[in-house]
Amino acid sequence: MIGRTAGLLVELPVDLQPSGWRLVDRPGRDAARTSALIRGDLDELAEAFDGYAGSLKVQVVGPWTMAAQLRVHRGERVLVDAGAVRELTMSLAAGVAVHLDAVQRLVPGAELVLQIDEPMLPDVLAGELATSSGFGRLPVVDPAEARRGLSEVVGAAGGASTVVHCCAPLVPLPLLRQSGVNAVALDTSLLGVAGWESVAATIEAGVALWAGVIRTGGSHPFEEPGRHDHHQRVEPLVRAWRAVGLPVAGLNDVVLTPACGLTGWSPQQARAAQQGIVDAAGALTALATA
């Protein structure tokens with residue numbers, strides 16, 4: 001996910017080192033490979049979605065997870081250099097705009113949705129990231145600065161709907177809802193009472209919820225539909241929703257998703273998970289209208 005998003009950066013080439021992806025002065029073989037993979041993806045998208053009309057989600061890594069994972073020349077995280085963070089954010093925003101424009105041209109009937117993945121944002125805000133030596137921790141990033149950086153990438157979406165996804169515990173929902181995003185995507189199984197109260201405030205602020213209700217971790221990432229009562233997948237969501245005083249009718253606006261990404265899953269598992277989401281959505285509708 002880091003390499004693919006790095007391939008979208010404008011005038012910030014990367015290469016791959018044992019420590020991970022690194023910003024470099026001039027593009028080389030790794031930068032060419034990322035660009036080729038993106039071009040291939042777009043060619044396949046144009047063929048598979050020829051004539052398609054409807055929602056189409058495009059997914060990128062957010063600026064703070066990128067800054068936490070990309071390295072500068074001396075091997076430290078981009079986060080250590082405020083100037084490099086700013087340059088990275090601007091480059092990512094420009095690259096996202098170009099990429100969305102390309103997708104829209106290839107699938108003119110699509111209503112684009114931009115998902116921005118920020119799994120490391122809580123660690124960035126808490127100062128939990130280790131230095132390259134492993135003996136220290138990087139300084140805490142000011143929440144206002146984090147919001148500004150995220151807002152810049154959200155703003156690059158233009159007319160596309162935007163959702164920020166963070167499947168970590170202690171998601172900074174106040175920051176996310178102030179970034180201009182249209183929705184937040186969470187692993188709802190990780191939310192406690194305080195977390196749900198923050199979700200309620202987020203929804204009341206006009207930001208929608210994408211609820212991760214299908215578990216994606218563990219050695220058995222998904223159990224086949226039919227072995228589950230799909231109502232059991234959504235009953236915890238409905239109980240928590242009612243407990244914080246949100247109107248039951250609002251559940252019709254909740255989007256159900258897997259809790260996190262499907263990396264490493266087989267195509268069969270991924271299809272089964274998506275079918276499980278469809279079935280769970282039907283169960284949610286039935287509970288919301290009961």
Basic-acidic side-chain contact under 4.0 Å: Asp101, Arg105: yes
Arg215/Asp187 ion pair, N-O < 4.0 Å: no
Set of residues satisfying side chain to side chain contact (heavy atoms under 4.5 Å, CB included) with respect to Leu23, sequence neighbours excluded: Leu9, Leu12, Val14, Leu70, Val78
Any donor-acceptor N or O pair under 3.5 Å, side chains Ser179, Arg147: no
Exercise: do Glu152 and Thr89 side chains pair donor with acceptor under 3.5 Å: no
Is it true that atom [atom1] of [X] has more than 12 heavy atoms of other residues, nucleotides or ligands lying nearer than 6.0 Å?
X: Leu170; atom1: CG; result: no
X: Glu87; atom1: CD; result: no
X: Met120; atom1: CE; result: yes

I'd like to know if the side chain of [X] and the backbone of [Y] have a donor-acceptor N/O pair within less than 3.5 Å.
X: Glu47; Y: Glu44; answer: no
X: Thr162; Y: Val154; answer: no
X: Asn182; Y: Val163; answer: no
X: Trp64; Y: Asp123; answer: no
X: Thr216; Y: Cys260; answer: yes
X: Ser35; Y: Ala31; answer: yes

Over all atoms of both residues, closest heavy-atom pair of Ile277 and Pro258: CD1-N, 3.7 Å
Contact summary for Arg177 and Ser198, nearest pair of heavy atoms: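 Closest pair (atom of Arg177, atom of Ser198, distance): NH1-O, 3.4 Å.
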Shared hydrophobic cluster for Phe49 and Val103 (ILVMFWY, side-chain gaps under 4.5 Å): yes
Co-membership, hydrophobic cluster, residues Leu138 and Ile2, 4.5 Å side-chain: yes
side-chain contact (heavy atoms from CB on, under 4.5 Å) assessment of Val80 paired with Arg74: CA-CA 11 Å; Val80 303; Arg74 59 186 181 275; 3.5 Å; yes
State, with a plain yes or no, whether a side-chain heavy atom of [X] is found less than 4.5 Å away from one of [Y].
X: Arg77; Y: Val72; result: no
X: Leu42; Y: Leu106; result: yes
X: Leu256; Y: Val278; result: no
X: Leu125; Y: Leu175; result: yes
X: Ile203; Y: Val199; result: yes
X: Trp210; Y: Val254; result: no
X: Arg22; Y: Leu16; result: no
X: Glu118; Y: His165; result: no

Reference residue Leu287; test side-chain contact (heavy atoms from CB on, under 4.5 Å); the match among Val234, Val248, Leu251: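 Looking at Val234, Val248, Leu251, the match for Leu287 under the side-chain contact (heavy atoms from CB on, under 4.5 Å) is Val234.
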Approximate separation, where rounding is to 0.5 Å, of Cys167 SG and Asp117 CG: 8.0 Å
Thr188 OG1 to Arg233 CZ distance, which is reported to the nearest 0.5 Å: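 Rounded to the nearest 0.5 Å, the OG1-CZ separation comes out at 12.0 Å.
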Chi angles and distances behind the salt bridge (Lys or Arg N to Asp or Glu O under 4.0 Å) call for Arg4, Asp41: CA-CA 11 Å; Arg4 288 300 183 100; Asp41 285 347; 2.3 Å; yes
Audit row: Val113, Glu111, side-chain contact (heavy atoms from CB on, under 4.5 Å) steps and yes/no: CA-CA 7 Å; Val113 178; Glu111 299 172 3; over 6 Å; no
side-chain contact (heavy atoms from CB on, under 4.5 Å) between Leu112 and Gln104, worked out: CA-CA 7 Å; Leu112 296 184; Gln104 191 72 79; 3.5 Å; yes
